[in-house]
J.: 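Sharing a structure, written as structure tokens. Questions coming.
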Amino acid sequence: MDARNNAESKKPAMPADSGARYNFKETEAKWQRVWEERRTFRASEKAPRPKYYVLEMFPYPSGRIHMGHVRNYTLGDVVARYKRARGLNVLHPMGWDAFGLPAENAAIENRVHPAKWTRENIAAMRRQLKSMGLSYDWSREIATCEPDYYRHEQKMFLDFLKAGLVYRKESMVNWDPVENTVLANEQVIDGKGWRSGASVERRRLAQWFMKITTFSDELLDDLKTLDRWPERVRLMQENWIGRSEGARVNFPLADRADRVEIYTTRPDTLFGASFIALSPNHPLAQELASKDKALAAFIAACNHTGTSEAAIETAEKLGFKTGVRAGHPLRPGLELPVYVANFVLMEYGAGAIFGCPAHDQRDLDFARKYSLPVIPVVAPSGKDKASVAVANEAYVGDGTLINSDFLDGLPVEDAKRKIVAHLEEKGLGERAVNYRLRDWGVSRQRYWGCPIPIIHCGACGIMPVPEKDLPVVLPEDVSFEKPGNPLAHHPTWKDAACPKCGSPAQRETDTFDTFFESSWYFARFCSLSPDTAFARTAVDYWLPVDQYIGGIEHAILHLLYSRFFTRAMKQCGYLGIKEPFAGLMTQGMVCHETYQDSRGAWLYPEEVRREGATVVRASTGEPVVVGRSEKMSKSRKNVVDPEAIIATFGADTARLFMLSDSPPDRDLEWTDAGIEGAWRYINRLWRMVFQAKATIAPPGAAKPAQLSERAQDARAAIHRTIAGVSGDLERFHFNKAVARIRELTNAIEGLGDEAGAGSVLREGLATITLLIAPMMPHLAEEMWRGLGHGTLAADTPWPVADPALVAEESVSIAVQVNGRLRGTLELPRGTDRATAEAAALSLENVERAIGGKPIRKVIVVPNRIVNVVV
RNA sequence: GCGGGCGUGGUGGAACUGGUAGACACGCAGGUCUUAGGAGCCUGUGGAGCAAUCCGUGGGGGUUCAAAUCCCUCCGCCCGCACCA
């Protein structure tokens, strides 16, 4: 689920010794033990409180956690612990997205079995996550590579098949001709296989598809209901689904009986058409290639680009003139050349387009390259037919139709309607809605995935595995010696009897895309029932997920597949909801500056040392080039290992640093100074309780009758902080919450022994303890105990702000002259306009700035600003 | 190529629906305690200027009494693109 890079590095510098110091090692282990013994974070459906389901994207078990995980899971834990303190019945589970390519790569490179590798990685990462003190209900842990998980998705697949949501068709894969293997897009580098270096071919293969397009409209329309998702994610999904309205138009072919159908979103520009372009995989292109060696060679060349859209779109636009000519549907006698072009996608629209160079940049580039006519048919408003000329820039804006027969003079939108009506009337075309979204291909020619429960029988065809025979268990006795899919090489696993006729048949050797597992795991966490995917009562109670948290890199695919799966499960009676994630928070990356020696070799952060303004290699003293901050990645060695950080500074310090400064959705810059700053603050809080300078009133002491002015101010600060932090946490402004708590720390630190100070100091410390509890849970428990409580901070309700103390009685108002600040006023809240204006005008500095010039206007915004315009 | 985003002091960031730019930190400087300090505590810190004041939110332009915030345009960087997860 997470991106590929995981940190791996050595120890950071030891923190400076501050004499009496918070012993995080013992303290963190102690409270983790207490939480576990008391089952503090076990979730139950039976609690009478309202439910709240917090979920972080589960990790791929790469072997070690990286800072991205630390950030993600800290964010989730703050939400979980905060909501818990607010009295909600919280479900906060964790598991492992355990199938995937890296395990197979490890098997090939290190001769470790994927199952062993994965299970060991899970054990190592579970230990690391536990050291972070996260409030998971570990009794609900799942690993998707285990049959007790994937058996249920095999059943789901069969149900989807029955429901008509699954079908089989041919589609393109990246084929490595040397390794005889299908390659993932990430294994194709510049059109070459990553291991073999051989030029990759596009090859057709029969595969299983999920009919996600059945729900195109629903998936699009229901985005509107996801009001707790980031706007940008909804926009990305909207663009991905890519609904467009246009027309399908038929072009007759010269000297042939058939026609070619194209899809266009700009039917209004039909009179500007100057060529037809077919996808290399278009049936007509394929047919012509069978008789034309040069065309066949061109298509073969096109097929040496990988299958990824980025690769196809960034490749140089090339066309091949087939010699076939198409008649213009509305201009008798006009013939257009038919090209095969490498940028036309078979998967989109009709796999063929008409080119209108004057009003589409790509078509224009193509027309210039192959010397095709450019006929402007839309004039920008204000321009007439004679003055319209197209040079190197296509005009894609609105305007009035020209050179277009009966459309002349119409605005673009009217022209679209009119021409489509005309085409429909003449039987030459029709209005059409098209989607960019394609059905989801789920077949993978890989070993380490969930077997697709299908049997191929020579006589009966494709047969689902009977439910009683589930799960189809992935065999572990396989060999990675030969290239290709080990499942296909297994001596006996493939052999099966046809469920219908009983004759010898073969199992499907493809496995599911690993997005399959992550498309329903959120439901499995609700109940680990052994016989079914989940208990209906449990999902009815817990789902949807109230807050989902993870990387922005999943903004489209994972989230869209999960939304689809939820609808498919609903259709098959598994559950009753459509949208799996009611709230979504996407987090930014963790970055670090990069270091290179004079030869350009990357250096780990702990291999370098700062010497004043310069950075040198610690071992040799030679200067080091400091590069800009980038996402932590093994390849650049700009990684910091969370385990080393936790061992040196403790989990709370790491957690605090993850929350300070950067808002969750922005990138976070990892710095040594930052982690040390967090560590110092933690010690400062600890000292305030355990080495207090002033007297903290004993627990349960009577409230003092008198409070000094300073103590009163401190109390007001305490209650304003409660209100502010609560609001910040509700909106996930964790960095602001931290800043506010630090402000409160500053405010109460100065309390001495004046009237009531001890009592206010206790109130302040207790408040800080509870406010930091979601962020620094171990320290909070320790402080809570230190303040004399026998209960757990984790079981203590969130503090409540006294509204009387939160309201401020006076406000500071800015006074401007001509928009420039000339002074400030301290006035009672709610001072009327006239009084504020008079007070402003009487300020000495304001008078000087006015300098006797006549006052034209005075703008007064109550409680905010007075602006004098002269 | 297409789609989405980001850009504020030396640094990370704050600034609510347009209303005192720089909260809170890091760093730096000075002071203090100390046998010592990469500890703690106190003070200062956007830039220029003795000052009044001026200049400042990636660049340029616009709207407004008032713009980091709204509009146009340009630049730089990042993410996704369907077999990485």
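Sequence lines set the chain letters: A, B, ... in the order given, protein chains first and strands last, and positions in each chain run from 1. These numbers were taken from a predicted model, which means no experiment stands behind them.
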J.: Give Gln361(A) one of three labels, base, sugar-phosphate or nothing, depending on what nucleic acid heavy atoms sit under 4.0 Å from its own.
T.: nothing
J.: Looking across every strand, which nucleic acid part, if any, lies under 4.0 Å from Val869(A) by heavy atom: base, sugar-phosphate, or nothing?
T.: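 The residue Val869(A) makes sugar-phosphate contact but no base contact.
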J.: Let me spell it out: for each of Ile552(A) and Arg822(A), pick the nucleotide of RNA chain B with the closest heavy atom. Which residue's pick is nearer the 5' end?
T.: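 Upstream on the strand: Arg822(A).
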J.: With sugar-phosphate meaning primed atoms plus P, OP1 and OP2, does Leu560(A) contact a base, only sugar-phosphate, or nothing at under 4.0 Å between heavy atoms?
T.: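 It contacts nothing in the nucleic acid.
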J.: What form does the base of G9(B) take, syn (within 90° of 0) or anti?
T.: syn
J.: Would you please confirm or rule out a distance under 4.0 Å between OP1 or OP2 of G7(B) and any side-chain N or O of Arg666(A)?
T.: yes
J.: One thing to verify: whether Arg740(A) and Glu743(A) come together as a salt bridge, which I'm taking to mean a side-chain N less than 4.0 angstrom from a carboxylate O.
T.: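 Not counted as a salt bridge, because no side-chain N and carboxylate O are separated by less than 4.0 Å.
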J.: Got a sec, which residues hit side chain to side chain contact (heavy atoms under 4.5 Å, CB included) with Glu730(A), two or more places apart in sequence or on another chain?
T.: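 Residues passing side chain to side chain contact (heavy atoms under 4.5 Å, CB included) with Glu730(A): Tyr82(A), Lys83(A), Arg86(A).
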J.: Give the ring-plane orientation class for Phe732(A) versus Phe734(A), where under 30° counts as parallel, over 60° as perpendicular and anything between as tilted.
T.: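 Phe732(A) vs Phe734(A) ring planes: tilted.
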J.: Among all residues two or more places apart in sequence or in another chain, which pass the side chain to side chain contact (heavy atoms under 4.5 Å, CB included) test with Glu593(A)?
T.: Tyr595(A), Arg610(A), Val626(A)
J.: Runs of at least three consecutive Watson-Crick or G-U pairs, both distances under 3.5 Å, are what I'm after; which ones involve RNA chain B?
T.: B:1-7 with B:75-81, B:10-12 with B:24-26, B:27-32 with B:40-45, B:46-48 with B:53-55, B:58-62 with B:70-74
J.: At less than 4.0 Å, is any side-chain N or O atom of Asn845(A) found next to OP1 or OP2 of U53(B)? Yes or no.
T.: yes
J.: When you measure from the side chain of Glu186(A), which nucleotide among C83(B), C84(B), U20(B) comes out closest?
T.: C84(B)
J.: Looking for any heavy atom pair under 4.0 Å, which part of the strands does Arg856(A) touch: base, sugar-phosphate only, or nothing?
T.: nothing
J.: Is it true that Glu309(A) and Arg436(A) make a salt bridge, defined as a side-chain N closer than 4.0 Å to a carboxylate O?
T.: yes
J.: What is the nucleic acid contact for Val173(A), judged by heavy atoms within less than 4.0 Å: base, sugar-phosphate only, or nothing?
T.: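 Touches a base.
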J.: Does Ile859(A) reach a base, just sugar-phosphate, or nothing at all? Heavy atoms under 4.0 Å.
T.: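 The residue Ile859(A) makes base contact.
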J.: RNA chain B: Arg740(A) or Arg232(A), which has the more 5' nearest nucleotide?
T.: Arg232(A)
J.: Does this structure show an ion pair linking Arg636(A) with Glu630(A), if we count only N-O contacts that are shorter than 4.0 Å?
T.: yes
J.: For Arg742(A), report the nucleic acid contact type (base, sugar-phosphate, nothing); a contact means any heavy atom under 4.0 Å.
T.: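 Touches sugar-phosphate only.
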J.: When all nucleic acid strands are considered with a 4.0 Å heavy-atom cut-off, which category describes Gln187(A): base, sugar-phosphate, or nothing?
T.: nothing
J.: Check this for me: Glu844(A), atom CD, are more than 12 non-hydrogen atoms of other residues, nucleotides or ligands nearer than 6.0 Å?
T.: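 Counting other residues, nucleotides and ligands, CD of Glu844(A) stays at 12 neighbours or fewer.
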J.: Applying a 4.0 Å non-hydrogen cut-off, can you work out what Asp665(A) is touching in the nucleic acid: base, sugar-phosphate, or nothing?
T.: nothing
